[in-house]
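Here the structure is laid out as structure tokens; the discussion comes afterwards.
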There are 2 protein chains.
Amino acid sequence: MARLVAERSDAIAPLAEVFREYGYEGASLALISKATGLGKGSLYHFFPNGKEEMVQAVLADIHQWFENSIYSPLRDGDDADEAINLMLEETLAYFKSGRRVCLVGSLAVGNTRDRFSEAIRGYFVNWIEALKAALVRQGRDPALAHSLSENAVLSIQGAIVLSRAMDDPNMFQRAIDQLRSNLAA
Amino acid sequence: MARLVAERSDAIAPLAEVFREYGYEGASLALISKATGLGKGSLYHFFPNGKEEMVQAVLADIHQWFENSIYSPLRDGDDADEAINLMLEETLAYFKSGRRVCLVGSLAVGNTRDRFSEAIRGYFVNWIEALKAALVRQGRDPALAHSLSENAVLSIQGAIVLSRAMDDPNMFQRAIDQLRSNLAA
DNA sequence: AGAGCATTGTACCGATAGGTACATTCAATA
DNA sequence: TATTGAATGTACCTATCGGTACAATGCTCT
């Protein structure tokens, strides 16, 4: 298993971090090279289409993580309430109490939105639909469940912006706590 | 009044639009020059410190607009409910139902946060404090008013992200409608 | 050992980045 | 009308941008 040469998958995590930290434009190949430990040769070997392909790979990886850790339990877990609490815990940890930016959100706000619109849209649609499914399993009216779900995802994004702006991780924590009580059966 | 030469203040609005659309890194001097109609000579004459000073000028202008149009009525208007509704109307129009990004929010999420942290923080603190004042004048408990206010500003930011991500202005509209009922006396 | 392909580092490309220098033009005042 | 300082356009600077070319290396399999 251990190889001296790099694997493409090893680059994904550092790539994600670099795009989160510097944005699409700000993440230069020099920064990317330093963060991944890969020279341009390797980078263009693994990602022939350059930065755009790197971001797409990162987005696919993010989707997979959310699918396994959050969407799937929300949709199929036997205890809806438990799945919702798990989602909130995972979200809190994933975004490091708001210190870590949501890459999808920042791409949506930036001028790169159109280039990745499908993945961006899918990320939020999946999240909202999965949470809605759990809320419906709690016995709620589907229309209310949809509205609650939309609102929860929206609050998480807003909380990231605000907690970063105020440099106050507690604000993110508070938002999660509030969701916990709003979404409890 | 009419001058053939440009005034610094004439550049602020196009500057704001260009930074909103392309972000701090993405807004090149070439784009800025085209958007403002000013050559590099004029730009560096008006803003000797370059892009950073341009953004600071835009942020100051944004602050002034919010102060006059939103914060001041919230703090000092004789009818708190009316001021809150005015805020929601102005916010809806200002962000063009979510089609227009919040520059402050996008700076907060980007890697430029530290450079403008004071203005970014002030923007949100002012908004939250002003809205809280109106809610207290409605007769609400100060602690609840603070929490409600924080939540409202957070929702607006989240709504911008989501409505852009989903390319759905109705989502922004829905968020505003919901705030209208949440914040009514 | 040696063939063959995946992987890598380096040198290089044209384009553009932000920023400076400066001579010129303009409009208001005296 | 002459002077002055604000305003402007152009040419230019170096650094870096994303991307390409390619020869050298590593690994795997026979």
Side-chain angles (χ1 to χ4, degrees), chain A residues 1-59 61 103 106-107 110-116, chain B residues 1-59 61 103 106-107 110-116:
Chain A
M1 245 327 157
R3 313 218 280 133
L4 292 186
V5 295
E7 292 191 32
R8 191 184 124 119
S9 60
D10 295 334
I12 302 292
L15 275 176
E17 228 46 53
V18 130
F19 282 120
R20 256 188 274 271
E21 204 164 334
Y22 297 95
Y24 184 77
E25 322 260 5
S28 69
L29 286 182
L31 277 171
I32 291 171
S33 183
K34 198 193 303 180
T36 57
L38 296 173
K40 283 190 182 187
S42 303
L43 287 171
Y44 274 87
H45 175 71
F46 290 130
F47 309 97
N49 278 340
K51 284 170 71 172
E52 178 152 347
E53 191 169 350
M54 297 178 203
V55 170
Q56 294 286 12
V58 168
L59 288 175
D61 187 69
L103 177 61
S106 76
L107 288 174
N111 62 321
T112 39
R113 178 186 60 160
D114 295 350
R115 217 178 305 201
F116 308 108
Chain B
M1 243 328 156
R3 311 224 279 134
L4 292 185
V5 294
E7 292 191 32
R8 191 184 123 121
S9 61
D10 296 333
I12 303 291
L15 275 176
E17 229 46 54
V18 131
F19 282 120
R20 257 187 274 268
E21 204 164 336
Y22 296 96
Y24 184 77
E25 323 261 3
S28 69
L29 286 181
L31 278 171
I32 291 172
S33 182
K34 199 192 302 178
T36 57
L38 296 172
K40 284 190 183 187
S42 303
L43 286 172
Y44 274 87
H45 175 69
F46 290 131
F47 308 97
N49 277 339
K51 284 170 71 171
E52 177 152 347
E53 191 169 349
M54 298 178 203
V55 170
Q56 295 286 14
V58 167
L59 289 175
D61 187 69
L103 176 61
S106 76
L107 288 174
N111 62 322
T112 38
R113 180 187 57 159
D114 294 351
R115 219 179 302 201
F116 308 109

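Naming: A, B, ... by sequence-line order, numbering from 1 per chain.
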- Note on the structure: Rounded to the nearest 0.5 angstrom, the OG1-CG distance for T36(A) and D10(A) is 10.5 Å
- Task: Round to a whole Å and report the spacing from CG of L38(A) to P of dG18(D).
- Result: 16 Å
- Whole Å only: how far is the CG atom of L31(A) from the P atom of dC17(D)? 7 Å
- Query: K51(A) NZ to dT16(D) C1': how many Å, rounded?
  - Reply: 12 Å
- Note on the structure: So CG of L15(B) and CD of E53(B): to nearest 0.5 Å the spacing works out to 11.0 Å
- Please, which pairs that meet ring pair (Phe, Tyr, Trp, His ring centres under 6.0 Å) have at least one residue in residues 11-42 of chain A, sequence neighbours excluded? Y24(A)-F116(A)
- Item | Phosphate OP1/OP2 of dT8(D): any H45(B) side-chain N/O under 4.0 Å | no
- Task: For residues S33(B) and G39(B), report the shortest heavy-atom separation together with the two atoms involved.
- Result: OG-CA, 3.8 Å
- Distance col, row Q56(B):CD vs D61(B):CG, nearest 0.5 angstrom, shows 13.0 Å
- Message: Between C1' on dA21(D) and CG on L43(A), what's the gap in Å once rounded to a whole number?
- Response: 16 Å
- Task: Choose from dG19(D), dG18(C), dT8(D) the nucleotide whose nearest atom is closest to any side-chain atom of L29(A).
- Result: dG19(D)
- Rounded to whole Å, the CD-P distance (E7(A) to dT28(D)) equals 11 Å
- Task: Measure the spacing between NZ of K34(B) and CG of L29(B) and express it to the nearest 0.5 Å.
- Result: 13.0 Å
- Query: Base, sugar-phosphate alone, or nothing: which one does Y44(B) contact when heavy atoms must sit under 4.0 Å apart?
  - Reply: base
- Distance (rounded to the nearest 0.5 Å) between L38(A) CG and L43(A) CG: 5.0 Å
- Can you check the E53(B) CD to dG19(C) C1' distance for me, whole Å? 14 Å
- Query: If an axis is fit to five pairs at each end of the helix from dA1(C)-dT30(D) to dA30(C)-dT1(D), what is the angle between the two, to the nearest 10°?
  - Reply: 10°
- Query: Going through the checks in order, is the side chain to side chain contact (heavy atoms under 4.5 Å, CB included) test met by R8(A) and F47(A)?
  - Reply: CA-CA 9 Å; R8(A) 191 184 124 119; F47(A) 309 97; 3.5 Å; yes
- Item | Evaluation steps, side-chain hydrogen bond (donor to acceptor under 3.5 Å, both in side chains), between E25(B) and N111(B) | CA-CA 9 Å; E25(B) 323 261 3; N111(B) 62 322; 3.0 Å; yes
- Specify the separation, in whole Å, of atom CZ of F46(B) and atom P of dG19(C). 18 Å
Contact list (N/O, under 3.5 angstrom) for nucleotides 11-16 of chain C vs protein:
none

